[in-house]
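Below: the structure, in structure tokens.
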Amino acid sequence: MSTPKGKQIPGFIEPDQWQNFLDGFSKRNQGRATRLEVIGELGGQEEEEYLPLVGVSLDPKGTAARSVEIMLAGEGPADDRHVEHTIRNVQKIAPLVGITGVEDGLGFEDQEGAKTLLIFEQLLELPEASA
């Protein structure tokens, strides 16, 4: 799985650990600004940018088994933006870890080889106005 520049994949998560890993990942990173990219036959396409993470969940059984849903939403009632992105037939899940060892996102690969990258964005701070 190719990764964004400066990101490393420490290893894939074993399928029997997906549920626990995604639950913990969601709790640790809820509210962080994201970028969602899908890389498939048509190349890379950005789905959204800067929406906060609500959570990532796994459907382990039934007709949607091995499907992952990524939920992103705006902050508060004044920001009604939201994205729900489903990845069907997930085959691989890997954490993206930056140079400093901090979680920078997740990479997913489906049965057809398409890749989805959920990447955490750093929001730039505005400098304080000088008096």
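Because only heavy atoms are used, hydrogens play no part in the values below, and waters and symmetry mates are left out as well, while side chains stay in.
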Quiz prompt | Verdict with reasoning, Ile70 to Leu106, per side chain to side chain contact (heavy atoms under 4.5 Å, CB included) | solution = CA-CA 11 Å; Ile70 300 170; Leu106 285 177; over 6 Å; no

Self-check item: Arg88, CZ atom: more than 12 neighbouring heavy atoms under 6.0 Å
Solution: no

Quiz item: Taking all atoms of both residues into account, what is the closest heavy-atom pair of Trp18 and Ile13, and its distance?
Solution: NE1-O, 2.9 Å

Quiz item: Within the side chain of Thr34, is there an N or O that forms a donor-acceptor pair under 3.5 Å with the backbone of Tyr50?
Solution: no

Exercise. Taking the side chain as every heavy atom from C-beta outward, state whether Glu69 and Asp59 have any atom pair closer than 4.5 Å.
Key: no

Quiz item: So do the side chains of Ile39 and Leu117 get within less than 4.5 Å of each other, counting heavy atoms only?
Solution: yes

Quiz item: salt bridge (Lys or Arg N to Asp or Glu O under 4.0 Å) with Glu103: which of Arg28, Lys27, Arg32?
Solution: Arg28

Exercise. Would you confirm whether Asp104, through its side chain, and Val97, through its main-chain N or O, come within 3.5 Å as a donor-acceptor pair?
Key: no

Quiz item: For Gln111, what residues pass the side chain to side chain contact (heavy atoms under 4.5 Å, CB included) criterion, not counting sequence neighbours?
Solution: Asn89, Gln91

Practice problem: Using atom types as modelled and distance alone, determine if a side-chain donor or acceptor of Lys115 lies under 3.5 Å from a backbone N or O of Gly113. | Solution: yes

Quiz item: Which atom pair, heavy atoms only, marks the closest approach of Ser57 to Leu22?
Solution: C-CD1, 4.4 Å

Practice problem: State, with a plain yes or no, whether a side-chain heavy atom of His85 is found less than 4.5 Å away from one of Thr116. | Solution: yes

Exercise. Answer with yes or no after comparing the ring centroid distance for Phe120 and Phe25 against a 6.0 Å cut-off, counting only values under it.
Key: yes

Quiz prompt | side chain to side chain contact (heavy atoms under 4.5 Å, CB included) assessment of Leu53 paired with Leu72 | solution = CA-CA 5 Å; Leu53 177 68; Leu72 310 168; 3.8 Å; yes

Practice problem: Give a yes or no answer on whether the side chain of Ser26 reaches the backbone of Val56 with a donor-acceptor pair at less than 3.5 Å. | Solution: yes

Practice problem: Could you go through the side chain to side chain contact (heavy atoms under 4.5 Å, CB included) check for Glu37 and Ile119 one step at a time? | Solution: CA-CA 8 Å; Glu37 294 181 14; Ile119 302 165; 4.3 Å; yes

Practice problem: Applying salt bridge (charged side-chain N to carboxylate O under 4.0 Å, His left out), name anything that partners Glu48, two or more places apart in sequence or on another chain. | Solution: none

Quiz item: Just by modelled atom types, is the Val90 backbone N or O under 3.5 Å from a matching donor or acceptor in the Arg66 side chain?
Solution: yes

Exercise. Evaluate the side chain to side chain contact (heavy atoms under 4.5 Å, CB included) criterion for residues Val68 and Thr86: first the C-alpha distance (whole Å), next the side-chain angles of each, then the deciding distance (0.1 Å), finally the verdict.
Key: CA-CA 6 Å; Val68 170; Thr86 301; over 6 Å; no

